[in-house]
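Have a look at the structure below, then the notes.
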Amino acid sequence: MKPSLVLKAVAVLDIVVLGAVWLIAPGIGLADHPDARSLLVARALGTDLVVVGVMNWIISGRDDAAMRPFLLPNLVMHVVPAAIIVTLIFSGAFGAADWLGAGLHIAPVVVLTWCLASPTQRRAARAQAHA
């Protein structure tokens, strides 16, 4: 998969599935009656995800060499919440239903890792950088 497609897919996930949901319905995934601070944090997180998604969409129009440095920060941005959610599920603090949230972060982790680690992608990025 080309980095441009990966960044566009992650952009759509970040903007529509994660960011917009936290902006529009910040109580989803929070306690039954979240306080105002929790809702503020959820909306701020939603805003950040939308902004990152827009940046991913913009950079996805560049050449592969210019896009490649943006893959690692995107990977980290999804590894951290995936690890936190999975840890909370295994500790019993989160239930089985929270695997959906983990999966929404694990999926881009897999695709971004493949894109970064793929020998074909690395060779193509090196060739383009030296051209």
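When all heavy atoms of Pro34 and Gly27 are compared, the closest pair comes out as CG-CA, 4.2 Å. Taking each heavy atom of Ala82 and Ala102 in turn, the nearest pair found is CB-O, 4.5 Å. Residues Val6 and Cys115 share a closest heavy-atom pair of CG2-SG, 4.0 Å. A pairwise comparison of heavy atoms in Gly53 and Ala11 identifies O-CB, 3.2 Å as the closest pair.
Residues Trp99 and Val86 meet the side-chain proximity criterion, which asks for heavy atoms closer than 4.5 Å.
Connection of Ile24 to Val12 is not established within any shared hydrophobic cluster, with ILVMFWY side chains joined at heavy-atom distances below 4.5 Å, either directly or through further cluster members.
Residues passing the side chain to side chain contact (heavy atoms under 4.5 Å, CB included) test with Ala93, sequence neighbours excluded: Leu88, Ser91.
At distances below 3.5 Å, not a single donor-acceptor pair connects side-chain atoms of Arg62 with backbone N or O atoms of Ser4. When atom types are taken as modelled, the side chain of Asp98 and the backbone of Gly101 share no donor-acceptor pair closer than 3.5 angstrom.
When hydrophobic residues (I, L, V, M, F, W, Y) are linked wherever their side-chain heavy atoms come within less than 4.5 Å, the members clustered with Ile28 are Val21.
Atom CD1 of Ile85 and atom CG of Leu104 lie 8.0 Å apart (nearest 0.5 Å). Separating the CE atom in Met1 from the OG atom in Ser118 is a distance of 11.5 Å, to the nearest 0.5 Å. Remark: Met55 CE to Ser60 OG distance equals 12.5 Å, nearest 0.5 Å.
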Please set out all donor-acceptor pairs under 3.5 angstrom arising from side-chain atoms of residues 38-52, sequence neighbours excluded.
unit_1, atom_1, unit_2, atom_2, d
Ser38, OG, Asp35, OD1, 2.7
Thr47, OG1, Arg43, O, 2.9

Pair up each side-chain donor or acceptor in residues 70-77 with any protein partner under 3.5 Å, not counting sequence neighbours, and list the distances.
unit_1, atom_1, unit_2, atom_2, d
Asn74, OD1, Asn56, ND2, 2.7
Asn74, ND2, Asn56, OD1, 3.0
Asn74, ND2, Phe70, O, 2.6

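Judged as a side-chain hydrogen bond (donor to acceptor under 3.5 Å, both in side chains), the pairs with a partner in residues 76-90 (not counting sequence neighbours) are, in order, Asp14-His78, His78-His105. Applying the ring-ring contact (aromatic ring centres under 6.0 Å, His included) definition to pairs two or more places apart or across chains, none involves residues 3-58.
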